[in-house]
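Residue numbering restarts at 1 for every chain, and letters A, B, ... go by the order of the sequence lines. All figures in this text were calculated on a predicted structure; none of them were measured in a lab.
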Amino acid sequence: MALISLKNVQYIYMEKTPLEREAIKDISLDIGKGESIGIIGKTGSGKSTLIQLISGLLYPTQGEIFIKDRDIKKWNSKELCKIIGIVFQYPEYQFFAETVFEEVAFGPRNVGIPDEELENCVREALTTVGLSYEEIKDRSPFNLSGGEKRRLAIASILAMNPEVLILDEPTANLDPKGKVEIMNYINKWVQSRNKTLILVSHDLDEIIRTVKRVIVLKEGKIIFDGPIEKLFLNYEKIEEAELELPEILKLRKVLEDKGYPLEGAFTVHEIVERIVAFKEHISIWKS
Amino acid sequence: MEVLKTFPLGQYIPGNSLLHGISAKAKIIVSFWLIIIIFLLKLNFYSYLLFFFLILLGILLSSLPINYFVRSLKPVYFLVLFTFIIHFFFGEEGGRVYFRYGIIHITDNGIKMALFMSLRLIYLVLITSLLTLTTSVLELAQAIEDLLKPLNFVKFPVHEFSMMMTIAIRFVPTLLEETDKIIKAQKARGAEFGKGNLISQAKSLLPIIIPLFINAFRRANELAEAMEARCYRGAKGRTRYRVSRWTIKDLVFLTIGILYPILLLVFF
């Protein structure tokens with residue numbers, strides 16, 4: 001049984017007004033437990049709408065969405081929060097509490113975690129994203145640095161311990177080091193607990209490092225859905241979605257055109273190994 | 001939050017009609033003039049009918065579908081109905097009495113007043129809709145600035161006032177969109193709105209209101225910096241990209257808009 005299942009889902013914004021716009025066109029999709037999925041597509045391709053539909057924040061205009069084989073409209077919103085956690089773009093703009101503790105405790109408290117377990121829950125979430133509970137719990141969320149704010153915002157969702165974690169551009173506007181750090185914390189959490197991850201990103205390099213399955217959206221339709229290696233063999237799908245090829249794929253393309261055999265090599269490491277092996281092979285053959 | 005999406009905002013409908021093309025200044029002057037005239041209009045059938053012709057002409061000149069105007073009346077349906085009922089049953093004494101029971105009385109004068117008062121309200125809304133449907137917010141703000149210019153002589157900061165107005169109006173849709181986003185984000189953290197007693201309902205709004213305010217201040221700060229970076233120094237020495245000039249069309253519109261109602265006042 002699929003954890004999340006979409007059947008012929010369509011979504012129209014501002015239906016029956018002059019501003020009507022079809023954001024999602026007939027999407028069918030199954031997501032299983034423990035999968036890590038990347039959703040890519042250019043601005044306006046329907047990525048944000050799709051994840052909001054999955055989280056039950058929007059209901060489809062047409063078609064059905066099932067979470068654990070139960071229609072999403074029949075789920076109580078609090079119960080759904082325990083299953084699906086969504087971190088929006090720039091989540092630090094939603095802070096409201098006076099202290100970091102209260103900010104993180106908001107979600108767990110809402111979904112009914114008893115007060116005596118709260119402290120543990122908050123401590124664990126903050127530690128997961130590399131923040132020190134003792135140091136930070138009484139500070140104001142508004143006085144943290146940019147990277148700390150982002151990590152706090154992610155922790156406030158992790159504290160609810162959802163089965164599925166949806167992240168919308170979690171590293172947007174961070175410095176390169178902060179980007180890698182945050183993704184490492186998230187990966188560790190997802191893998192150690194066998195969670196399902198859905199990552200929305202413009203940054204294909206980040207997608208490559210993080211997920212196994214990729215969904216490419218264009219104008220509200222899925223134009224590719226499959227393992228990431230398969231997407232790399234279909235450069236034209238990335239170009240069709242009007243996305244920039246990741247640097248590693250550009251390099252790989254050039255090298256392949258020069259005649260290096262690079263089948264199945266997709267990381268810097270693998271490509272270097274192939275080239276070295278190929279060079280050695282040539283020099284032995286020459287001598 | 002469908003409420004946010006159906007907010008009756010940015011009523012302006014772009015178009016190329018005759019009325020769209022007339023300068024906002026002329027439209028504002030005529031609208032105000034007509035609103036004043038409505039209250040001076042004699043309460044008889046002919047003057048109201050002839051006044052309606054003027055509004056009808058405006059609607060035709062705007063070449064907008066009639067249902068935009070019907071929709072603009074929606075917020076005042078209740079008010080119109082209320083006015084009508086009050087005047088109908090409890091209105092002025094005079095003329096023939098059709099019915100009387102306690103304080104309820106239906107009379108000739110009462111019916112007349114009920115009719116004319118309701119029409120007044122409807123006319124008021126139609127005139128303002130004609131203005132806002134065919135004039136963009138920016139045009140309106142600039143026109144108001146031009147029209148208020150004489151107030152500079154009494155040291156009223158006209159430019160700053162109109163700039164404030166423009167910015168406030170400009171950011172309403174942005175703030176609505178942001179409210180929608182924050183509501184969704186807090187919902188995703190299990191927040192519920194509009195449940196429980198009044199106090200807990202008010203409390204549940206804090207996670208929306210606080211971030212909204214903080215973001216508004218942040219945005220204001222950024223906007224101020226961006227404006228300063230482009231050397232904005234208030235009204236002094238500032239010129240416009242688009243300068244509005246009076247054209248023959250505007251003058252004809254102005255003359256008809258002002259003279260026609262005066263004729264109505266004089267002859268009926």
Test side-chain contact (heavy atoms from CB on, under 4.5 Å) applied to A:Phe96 and B:Leu212, B:Ile210, B:Ile209, the passing residue | B:Ile210
When you look at [atom1] of [X], are more than 12 heavy atoms from neighbouring residues, nucleotides or ligands closer to it than 6.0 Å?
X	atom1	value
A:Glu98	CD	no
A:Lys73	NZ	yes
A:Phe142	CZ	yes
B:Phe213	CZ	no
B:Glu177	CD	no
A:Trp75	CH2	yes
B:Phe171	CZ	yes
B:Asn16	CG	no

With respect to chain B, which residue among A:Gly85, A:Ser156, A:Ser55 yields the maximal number of heavy-atom pairs within a distance under 4.5 Å?
-> A:Ser156
For residues [X] and [Y], report the shortest heavy-atom separation together with the two atoms involved.
X	Y	value
B:Ala188	A:Met160	O-CE, 3.3 Å
B:Pro211	A:Tyr93	CB-O, 3.4 Å
B:Arg189	A:Asn110	O-ND2, 3.1 Å
B:Gly190	A:Cys81	N-SG, 3.3 Å
A:Leu58	B:Lys184	CD2-NZ, 3.7 Å

Evaluate side-chain contact (heavy atoms from CB on, under 4.5 Å) for B:Glu192 paired with A:Ser77, printing each intermediate quantity in order.
-> CA-CA 9 Å; B:Glu192 274 180 322; A:Ser77 65; 4.1 Å; yes
Side chain from CB out, backbone as N, CA, C, O: work out which of these in [X] comes under 4.5 Å of a heavy atom of chain B, or both, or neither.
X	answer
A:Glu103	both
A:Gln52	side chain
A:Phe106	both

With rounding to the nearest 0.5 Å, note down the distance linking [atom1] in [X] to [atom2] in [Y].
X	Y	atom1	atom2	result
A:Tyr90	B:Lys181	OH	NZ	9.0 Å
A:Gln94	B:Asn215	CD	CG	8.5 Å
B:Ile183	A:Leu57	CD1	CG	11.0 Å
B:Lys187	A:Lys78	NZ	NZ	12.5 Å

